[in-house]
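One structure is given below, encoded as structure tokens.
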Number of protein chains: 2
Amino acid sequence: MSHNELDLAALLHNEGYRLTPQRQMVLDAVCEADGHATAEQIYELVHQKSETVNRATIYRTLKFLREMGLVVSTTLPDGGVEYELAGSKPHHHLVCHACGIDYEIPDKLFFDLVQTISETYDFRVDTTHLSLYGICAECQSGV
Amino acid sequence: MSHNELDLAALLHNEGYRLTPQRQMVLDAVCEADGHATAEQIYELVHQKSETVNRATIYRTLKFLREMGLVVSTTLPDGGVEYELAGSKPHHHLVCHACGIDYEIPDKLFFDLVQTISETYDFRVDTTHLSLYGICAECQSGV
DNA sequence: ATGGATGCAAAAGTTTTGCAAAGAA
DNA sequence: TTCTTTGCAAAACTTTTGCATCCAT
């Protein structure tokens with residue numbers, strides 16, 4: 001990740017912002033949690049590294065990073081909000097009601113659906129992040 | 001709706017519960033809001049009819065009605081929770097980021113997707129309620 | 001009288017905001 | 001200095017819970 005830091009600092013500077021240790025830590029935490037992390041989980045990770053960091057900073061930073069296009073957030077069907085790095089390939093989540101396992105599934109599965117909706121309703125679906133709930137194979141067989 | 005009241009009272013009585021005015025009003029409000037209503041919106045509707053009804057009652061009643069299988073709830077991508085009558089045909093929502101308009105779309109659009117996911121991942125998707133966000137036709141043309 | 005349902009108030013969980021202090025530019 | 005960023009505390013918002021009371025059976 002270190003190769004990104006210079007770019008990142010430059011990117012923020014271009015917009016008149018700064019790359020602070022807190023911002024770096026939050027971004028690292030999002031990266032580390034790899035795939036999906038709640039604000040609270042990110043807070044825990046950052047807090048381990050620096051005790052003084054405040055929750056308000058986590059929330060502000062996540063909002064900031066989202067506005068900068070560096071992270072994206074999803075709302076899960078249970079209402080929780082998760083963050084992950086932007087720039088990764090568009091993908092979506094299958095979350096198991098029963099055991100909570102979270103599969104990533106590729107964007108292309110949604111192509112036909114999005115295409116049909118576009119044609120039928122002239123509605124442009126935002127597919128940056130979708131989560132579907134259900135029951136995974138293991139839980140179906142009652143393990 | 002009045003033809004349902006007897007059945008409803010009987011249904012609840014069979015389980016050892018009662019059909020109170022509050023429960024009737026909440027159910028009416030869910031019905032009236034037709035399609036989607038937040039707890040707060042339901043509270044407003046009920047409160048208009050009876051000033052003394054408390055928010056706690058609204059939440060308790062919605063939870064109760066959901067457990068009784070009479071209403072279902074969805075979590076929208078923005079994190080809000082909406083309630084609607086159960087028993088209506090399965091359908092989903094297209095919500096516009098820009099203007100908030102909410103189209104209902106039929107379940108069958110998702111058949112292929114759900115089928116593919118089932119075959120590929122052996123994952124049984126719960127499609128009782130899905131919401132997709134995006135931009136509607138009007139907002140695309142910048143009205 | 002028994003047990004369910006309600007209103008009220010308080011609590012709990014999550015996210016936001018005002019403000020003064022600290023730190024880069 | 002000037003403007004951004006942070007920490008702290010408090011507020012805001014949504015939802016839940018304890019408890020006394022009320023009500024139907």
Side-chain angles (χ1 to χ4, degrees), chain A residues 5-6 8-27 29-30 36-47 49-68 70-71 73-83, chain B residues 5-6 8-30 36-68 70-71 73-83:
Chain A
E5 290 178 16
L6 287 178
L8 191 52
L11 174 66
L12 297 187
H13 281 194
N14 280 345
E15 306 279 342
Y17 302 116
R18 299 171 200 158
L19 179 57
T20 64
Q22 287 88 340
R23 285 176 178 170
Q24 185 69 59
M25 285 188 289
V26 169
L27 202 52
V30 172
H36 49 284
T38 64
E40 185 61 24
Q41 289 166 339
I42 291 164
Y43 170 74
E44 296 294 343
L45 284 171
V46 172
H47 198 250
K49 298 195 174 176
S50 176
E51 300 246 339
T52 62
V53 178
N54 196 272
R55 272 194 185 75
T57 301
I58 302 295
Y59 282 101
R60 271 189 296 231
T61 302
L62 287 170
K63 186 181 177 187
F64 170 79
L65 293 174
R66 202 175 45 198
E67 285 166 355
M68 296 297 293
L70 296 170
V71 308
S73 63
T74 333
T75 302
L76 300 179
D78 73 355
V81 179
E82 290 187 346
Y83 297 84
Chain B
E5 288 178 17
L6 288 177
L8 191 52
L11 174 68
L12 297 188
H13 281 195
N14 279 344
E15 305 279 340
Y17 303 116
R18 300 171 199 158
L19 178 57
T20 63
Q22 288 88 341
R23 285 177 178 170
Q24 184 70 59
M25 285 189 288
V26 169
L27 203 52
D28 285 349
V30 171
H36 48 283
T38 64
E40 185 62 22
Q41 290 167 339
I42 291 164
Y43 170 73
E44 297 293 343
L45 283 171
V46 172
H47 198 251
Q48 281 176 15
K49 297 195 176 178
S50 175
E51 300 246 338
T52 63
V53 178
N54 196 271
R55 272 195 185 75
T57 302
I58 302 296
Y59 282 100
R60 269 189 297 230
T61 302
L62 286 171
K63 186 180 178 188
F64 170 79
L65 293 174
R66 203 175 44 200
E67 285 166 355
M68 295 297 293
L70 296 171
V71 307
S73 63
T74 335
T75 302
L76 301 180
D78 73 356
V81 179
E82 290 187 346
Y83 297 85

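All chains are named by letter (A, B, ...) in the order of the sequence lines, taking the proteins before the strands, and each is independently numbered beginning at 1.
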Expressed in angstrom and rounded to an integer, what is the separation of [X] atom [atom1] from [N] atom [atom2]?
X: A/Tyr59; N: D/dT6; atom1: OH; atom2: C1'; result: 17 Å
X: B/Gln22; N: D/dC22; atom1: CD; atom2: P; result: 15 Å
X: B/Gln41; N: D/dT15; atom1: CD; atom2: P; result: 11 Å
X: A/Asp78; N: D/dT14; atom1: CG; atom2: C1'; result: 15 Å

| task | Give, ordered by number, those residues of residues 50-58 of chain B having at least one heavy-atom distance below 4.0 Å to an atom of DNA chain D; if nothing qualifies, reply none. | result |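 Only B/Ala56 qualify.
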
| So what does A/Glu40 touch, heavy atoms closer than 4.0 Å: a base, only the sugar-phosphate, or nothing? |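 Since no nucleic acid heavy atom lies under 4.0 Å of A/Glu40, the category is nothing.
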
| query | If you look at every strand shown and take non-hydrogen atoms under 4.0 Å, does A/Arg60 touch a base, only sugar-phosphate, or nothing? | reply |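 Base, at least one base atom sits under 4.0 Å.
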
Would you compute the distance between atom [atom1] of [X] and atom [atom2] of [Y] and round it to the nearest 0.5 angstrom?
X: A/His13; Y: A/Leu8; atom1: NE2; atom2: CG; answer: 9.5 Å
X: B/Arg66; Y: B/Met68; atom1: CZ; atom2: CE; answer: 13.5 Å
X: A/Gln41; Y: A/Ile58; atom1: CD; atom2: CD1; answer: 12.5 Å
X: A/Asp78; Y: B/Thr75; atom1: CG; atom2: OG1; answer: 7.0 Å

| Contact nearer the 5' end of DNA chain D, comparing B/His13 with B/Gly79 |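 Looking at the nearest nucleotide for each, B/Gly79 comes out on the 5' side.
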
| task | Verify the neighbour count for atom OH of B/Tyr17: are there more than 12 heavy atoms of other residues, nucleotides or ligands below 6.0 Å? | result |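 Not more than 12 within 6.0 Å, no.
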
| message | Strictly by side chain to side chain donor-acceptor pair (under 3.5 Å), give each pair with a member in residues 53-63 of chain B just once, sequence neighbours left out. | response |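 Every side chain to side chain donor-acceptor pair (under 3.5 Å) pair that includes a residue of residues 53-63 of chain B, provided the two are not neighbours, is B/Glu40-B/Arg55.
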
| hbond_proxy A/Arg18 side chain to D/dT4 base (donor-acceptor, 3.5 Å cutoff) |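 Side chain to base: pair present.
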
| request: Name the first nucleotide and the last nucleotide along DNA chain C (5' to 3') that come under 4.0 Å of a heavy atom in chain A. | output: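 Range of nucleotides within reach of chain A: C/dT14 to C/dA25.
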
